[in-house]
Amino acid sequence: MSHYEHFAPYDPHSIEPHWQAAWQEAGADAVRTEGDKPYYYALEMFPYPSGDVHMGHVRNYSIGDVVSRYKRMRGFNVLHPIGWDAFGMPAENAAIKQNSSPAAWTYANIDRQRQSLKRLGFSYDWDRTVITSDVDYYRWGQWIFLKLWEQGLVERKSSPVNWCPSCATVLANEQVLGDGECWRCHSHVQRKELEQWFFKITNYAQELLDDLDKLSGWPERVKQMQANWIGRSTGAEVDFTLCDADGEPTDELITVFTTRPDTLFGCTFFLLAPEHPLVQKLVAGTEQEAEVAEVVAAAASASAVERSKGEREKLGAFTGRYVVNPINDDKVPIWIADYVLMDYGTGAVMAVPSGDQRDFEFARKYGLPIPPVVIPEGEFFFNSLKNQPNRVMFEVLWNEAYDGPGTMVQSGEFTGMPGGKDSEGSAAVIAKLESMGRGRPTINFRLRDWLISRQRYWGNPIPAIHCPNCGIVPVPEADLPVVLPMDIDVTTGETLADRPEFYDVTCPQCGASAHRETDTMDTFTCSSWYYLRYTDPHNTELPFDRAAVDSWMPVDQYIGGIEHAILHLLYSRFFTKALRDVGLLGFDEPFENLLTQGMVKLNGETMSKSKGNVVAPEDMIARFGADALRVYILFMAPPDKDLDWLESGLEGISRFLNRLWRMIFDLVGAACENTFYEGPRDEAAAASASASAALTPEATAAARTVLRERHRVVGKVTEDIERFNFNTAIAAIMELANATGNYLRFAAPPARLADASQHAVDVELAETFIALLAPMAPHWAEELWQNLLGHSDSVHQQDWPAFDPALAAADELELAVQVNGKVRARITVAADAAEDVVQAAALAAVAAYIEGKEPKKLVVVPGKLVSVVV
RNA sequence: GGGGGCGUGGCGGAAUUGGCAUACGCAGUGGACUUAAAAUCCAUCGCCGCAAGGCUUGUGAGUUCGAGUCUCACCGCCCCUACCA
């Protein structure tokens, strides 16, 4: 039964809290696993509790909520969980600032964010909440660490790493921005040689690259970014022989990586990175020592900071020593150069100035020879070299290196072969080197192992023990969890390394007194598997049950920001593959479909506290209600595009919900203050009007139109939601509202409501609006569904409205008639009119433009237009 | 330097496979209702033009009966990435 005796205005502030409480009471959003409904896993990237919920969250979670509610109405059992990525630096910084503790700050923020998310009416199964700083969660992170260790995927090694002086911790490569800045605090990152913990993600480099092809539901852009980051290059390792101080070959080899073995004959010098360990040995006590040291020092100080500043002049120095080129026994000088990177390839490079722009510039600067070895087709000037196996020309006449495909010249037995990347010539040179035992084909990746240790307190402790006898030993599984002490006082700079009661332990293998690892794990390790825990969040025996995880995973739709294109998404793909190999799960990729939503900006700028241009969701809810906010943020732009906040747009949506609310009251006859028709304004008058009054012809026509529109719009909205075009889905609902407004103006209530068959259509229209908007404006829809229409069950458990394309089809169509490409007339024909009828009608309509000329061509596009050419 | 994307009214944006460009909304303008305002409703709303008509999807060409959409060149903007050998 309807709760509404009379019209009541739309009041989001009373209905939203009401339904939120009612849904919670009824457990409406708990995941259901019963029945034979197919499973659907809708997931949004979980928030970091760094403050209040912001508009970016509202957008992310509104999209996810529409997807989940829609899929539920389409007959799926939907898993739609939420949690918090709770460990990390900002909590420590905030605690220091507020003289509090990271835990207190974090959990207070989580409470506030949880309230905000509830006020927005998102349909999360709150019982499955995962908070990464809860020991029930992070203990399984430690357990997984041990499993990866057993699998040979954990390594402690010394290497040059990124050190952020401001955060006082090391960072993974992925967490250093392009300009050498820390991803969190934007300080300049320093390079340091340190012993650290790594996950061997490089073991999966090839699979991570190959499987991108399986991800047809991912944006091309994200896949491209990952492919670039993994950075696979095919080429060869080539062994050069080091000469002693007198220039005589020794037994020592220096290996380089090259993608262009075909240019090996053009190698006229050899380069080492300034940090290369050999450099000091080569120059110690020589006359070159001072100059080399100068370049090394310059490179070290410039490294991270200056690298970003455009084209930097290359800097180098001769070491005084030589190597022998294995392909032609040339003796070439060893230089150091600041553009050679220690952590790519081998830190040593064969320089081919005619084929590499950097080498070219270096050679020009230091007067080194630049013999051409691969020349482009049609270069007349070099034709004389085409059959020249020996070197006759030392200087190219280009102003830059040529690195494209071409013909090999001055290259001994290979002269005349096609050269270039992965060319026949390259293969031939590699084969020759291989037969001499001086080279081999190789694949090189840019991807580095993932540095996961952090010298910070607020993180998941690494479960390892340093024993003076046994070396590094894992904490036994039975001793887990290694509990993070909650009473560390970060305001005094205290860390785990200051707590003997934390690190003084006995070795689990030999019983000697030993030292527990005090580093914690990168927070990205926590976010690399939280989506797996959601499938079985209360498991106390395992991180998740294999059957549970396999039944829900992979995630059907993942939604989050593009900023995680590499970091989080690559790490999660790695975790999935590694855990598959541990035997914990049975799939290769975690996220089947990915939607990267755009940012919410204000006047073209990102909203941020420091800029003071933040529009707070809570304020908008207070003024317009959560439903209006949700619909607005879906309406203003397609989800993957950036969106510029405009308050007048939100007012517009608020008006639309109001207008549709009133219209639905009109449709079901509950309105007393109707604004859509000029009929009697009270029920007594309506009742006294003739019950047998018939609908006018205009009203009948309008009724037919609106019913047709109803079927068209349901089809359109369904298709648009499937494609995440929420903005056009809402526009289509608005079109139906406009058509309904028209209809209501013609069809005044006494006649309309007295007509039982028409009244049924009116109710169907009302139900259609409510169902179509239910995923986006859930409270608005529920109030109308239950309290106006009098249903006793939830709108969110209804089936998605059906539509019949046949009923959407008009019986008459208007076609445009073009003459020579210009629209000159419009004709109305029956929808099923034969083509010759249409042609005749079209020619008659544009007779004036043809003026007796014979039409050369006549194209009829069914349902669209007729094109006449004269 | 490399990779990806984009360019449509005053604004956000639409146009599914090459088929009536500017849907839907915002802002604006005029009107009704009101003592008045708000709210609501009606009308109008790409540009030039009194009009007839002409022009219009960054610019220029091309393919086509037909191009916002496809091809080529150019201009402009955004994002990612970067001495990766």
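In what follows, every chain begins at residue 1, and chains take the letters A, B, ... in the order their sequences are listed. It should be emphasised that the depicted structure is a prediction, and the values quoted were computed from it without experimental measurement.
- Between B:G46 and B:C24, the two P atoms lie 12 Å apart (nearest whole Å).
- Across A:L209, A:D213, A:L594, A:L212, a single residue satisfies side chain to side chain contact (heavy atoms under 4.5 Å, CB included) together with A:K223, and that is A:L212.
- Whole-Å rounding puts the A:I633 CD1 to B:G12 C1' distance at 13 Å.
- The side chain of A:F635 approaches B:G12 more closely than any other nucleotide in the set B:G3, B:U16, B:G12.
- Test A:W335, A:Y366, A:F362 against A:F269 for ring pair (Phe, Tyr, Trp, His ring centres under 6.0 Å) and you get one pass: A:F362.
- The number of heavy-atom neighbours closer than 6.0 Å to NZ of A:K864, taken from other residues, nucleotides and ligands shown, is 12 or below.
- Taking atom P in both B:A52 and B:C47, one finds a spacing of 16 Å when rounded to whole Å.
- The residue among A:V868 and A:N727 whose nearest nucleotide of RNA chain B lies closer to the 5′ end is A:N727.
- Between A:R446 and B:U81 there is no side-chain N or O to OP1 or OP2 distance below 4.0 Å.
- Counting to the nearest Å, the P atom of B:G18 and the CG atom of A:L865 are 15 Å from each other.
- Going from atom CD1 of A:I566 over to atom P of B:C79 covers 16 Å, rounded to whole Å.
- Of the candidates B:C26, B:U81, B:C65, B:C26 carries the atom nearest the A:R655 side chain, counting heavy atoms from C-beta on.
- At least one side-chain nitrogen or oxygen of A:R659 sits closer than 4.0 Å to the OP1 or OP2 atom of B:C41.
- As judged by a 4.0 angstrom heavy-atom cut-off over every strand, A:D343 is placed among residues making no nucleic acid contact.
- An OP1 or OP2 oxygen of B:C41 is reached within less than 4.0 angstrom by a side-chain nitrogen or oxygen of A:R662.
- The side chain to side chain contact (heavy atoms under 4.5 Å, CB included) test with A:F726 is passed by exactly one of A:V717, A:V631, A:I63, A:I633: A:I63.
- Nearest to the side-chain atoms of A:Y339 among the listed nucleotides B:G19, B:C83, B:C26 stands B:C83.
- With hydrogens and angles ignored, the 3.5 Å screen pairs no side-chain donor or acceptor of A:S62 with any backbone N or O of A:R630.
- Nucleic acid contact for A:R448: none, since no nucleic acid atom lies under 4.0 Å from a heavy atom of the residue.
- Comparing B:A23, B:G4, B:C65 against the side chain of A:Q224 picks out B:G4 as the nearest.
- In this model, no donor atom of one side chain and acceptor atom of the other lie less than 3.5 Å apart for A:N325 and A:R438.
- Because its NZ or CZ atom is both nearer than 6.0 Å to the ring centre of A:Y339 and within 45° of the ring axis, A:K314 counts as a cation-pi partner of that residue.
- Side chain of A:M636, nearest nucleotide from B:A27, B:G12, B:C65: B:G12.
- Checking A:N658 against A:R655 by side-chain atom types alone, no donor-acceptor pair falls below 3.5 Å.
- Using a 4.0 Å heavy-atom cutoff across all strands shown, A:E719 reaches at least one base atom of the nucleic acid.
- Comparing B:U17 with B:C70, their C1' atoms sit 12 Å apart, to the nearest whole Å.
- Comparing atom distances between the A:A731 side chain and each of B:C24, B:G3, B:C65 picks out B:C24 as nearest.
- Distance, A:N325 CG to B:A85 P: 19 Å, rounded to whole Å.
- Summarising the geometry, the separation between CG on A:L736 and C1' on B:G25 is reported as 16 Å, rounded to the nearest angstrom.
- Contact annotation: A:S233 reaches the phosphate of B:A85 (side-chain N/O to OP1 or OP2, under 4.0 Å).
- With B:G19, B:U81, B:C24 as the candidates, the nucleotide lying closest to the side chain of A:Q818 is B:G19.
- Note: CG (A:L657) to P (B:C26) measures 12 Å, nearest angstrom.
- Closest non-hydrogen pair, A:L858 versus A:V868, comes out as CD1-CG2, 3.4 Å.
- Listed nucleotides: B:C65, B:C80, B:C84. Nearest to the side chain of A:M225: B:C80.
- Between A:W645 and A:Y632, the ring center distance clears the sub-6.0 Å criterion.
- In RNA chain B, stems built from 3 or more consecutive Watson-Crick or G-U wobble pairs, each with both distances under 3.5 Å, span B:1-7 with B:75-81, B:10-12 with B:24-26, B:28-32 with B:40-44, B:46-48 with B:53-55, B:58-62 with B:70-74.
- Using P as the reference atom, B:C72 and B:C6 are 15 Å apart when rounded to the nearest Å.
- Using atom C1' as the reference point in both B:C33 and B:C41, the two lie 8 Å apart (nearest Å).
- Closest contact between the side chain of A:W229 and the listed nucleotides B:U81, B:C24, B:G19 involves B:U81.
- When the C1' atom is compared between B:U29 and B:A67, the two are found 35 Å apart, to the nearest whole Å.
- B:G9 adopts a syn glycosidic conformation, its chi angle falling within 90° of 0.
- In this structure, the CD1 atom of A:I733 is 13 Å from the P atom of B:G25, given to the nearest Å.
- Close to B:C65, at under 4.0 Å from its OP1 or OP2, lies a side-chain N or O of A:K857.
- Comparing the P positions of B:G19 and B:U69 gives an interatomic distance of 11 Å, to the nearest angstrom.
- The residue A:G652 sits close only to the backbone: its heavy atoms come under 4.0 Å of sugar-phosphate atoms, none of a base.
- Using atom C1' as the reference point in both B:A43 and B:A36, the two lie 23 Å apart (nearest Å).
- Side-chain N/O atoms of A:S867 and base N/O atoms of B:C65 include a donor-acceptor pair closer than 3.5 Å.
- Residue A:N658 is classed as having no contact, given no heavy-atom separation below 4.0 Å to the nucleic acid.
- The pair A:E361-A:R364 does not count as a salt bridge, with every side-chain nitrogen at least 4.0 angstrom from each carboxylate oxygen.
- In the set B:C83, B:G19, B:G4, the nucleotide with an atom closest to the side chain of A:D338 is B:C83.
- In this entry the distance linking CD of A:E605 with C1' of B:C78 reads 15 Å, nearest Å.
- RNA chain B is contacted by both A:T728 and A:D356; A:T728 maps to the nucleotide lying nearer its 5′ end (nearest heavy atom per residue).
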